[in-house]
Amino acid sequence: MQDTEQTNEWVNWIEEAVDKDYFKFYEYNQFNNIQHIGTGGFGKVYRANWKKSEKQFALKSFFSLDNVTVKEIVRELKIQREVDFHDNIIRCYGITKLETGIIDRRYL
Ligand SMILES: Nc1ncnc2c1ncn2[C@@H]1O[C@H](COP(=O)(O)OP(=O)(O)OP(=O)(O)O)[C@@H](O)[C@H]1O
């Protein structure tokens, strides 16, 4: 399967999961004070405030939504589900989408 087809398939999967409320969806424009804090193997990480509150989120972006990246996301979410009782384990609050053009969408 071609890369674009694969990406579209994952994007559909994400959008269906959001529709079914498997993930909470956050509007990207409700984040502010977005600052780059780190870079990992799969993408950049930003710190952001939500809705002008004091609450800070880490926004993880992905260089590309290819098979390897999506498998890593699923792997991290599964591990998190196993150990989410520990205070030192951060949890995944949900997903947001950055639209930079009609067809250019990025999920964070
Ligand atoms: N929840 C967070 N709070 C604060 N900083 C974070 C958070 N998540 C990531 N970071 C910062 O962003 C960097 C990259 O994080 P990321 O999770 O993408 O990659 P990694 O776990 O360091 O490496 P890899 O991508 O190889 O798994 C981290 O090293 C850290 O500095």
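Every number for a ligand or one of its atoms is a count from 1 in the order of the listing.
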Using a threshold of 4.0 angstrom between heavy atoms of the protein and any atom of ligand 1, which residues qualify?
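Ile37, Gly38, Thr39, Gly40, Gly41, Phe42, Val45, Ala58, Lys60, Ile90.
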Sorted by chain and residue number, the salt bridge (charged side-chain N to carboxylate O under 4.0 Å, His left out) partners of Arg91 (sequence neighbours excluded) come out as none
What I want to find out is whether Glu76 reaches Lys60 closely enough, with some N-O distance under 4.0 Å, to be called a salt bridge.
yes
Can you name the nearest heavy-atom pair linking Val45 to Ala58, along with the distance?
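Looking at all heavy atoms of both residues, the closest pair is CG1-CB, 4.3 Å.
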Can you list the steps and then say if Lys78 with Glu82 is a salt bridge (charged side-chain N to carboxylate O under 4.0 Å, His left out)?
CA-CA 7 Å; Lys78 278 184 178 165; Glu82 296 296 313; over 6 Å; no
Taking the six-membered ring of Tyr46 (Phe, Tyr or Trp), confirm whether the NZ or CZ of Lys44 is under 6.0 Å from its centre and within 45° of its axis.
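No cation-pi geometry.
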Please report the C-alpha distance between Asn32 and Asn49 in whole Å, then the side-chain angles of each, then the deciding distance to 0.1 Å, and finally whether the side chain to side chain donor-acceptor pair (under 3.5 Å) criterion is met.
CA-CA 5 Å; Asn32 56 65; Asn49 287 78; 5.3 Å; no
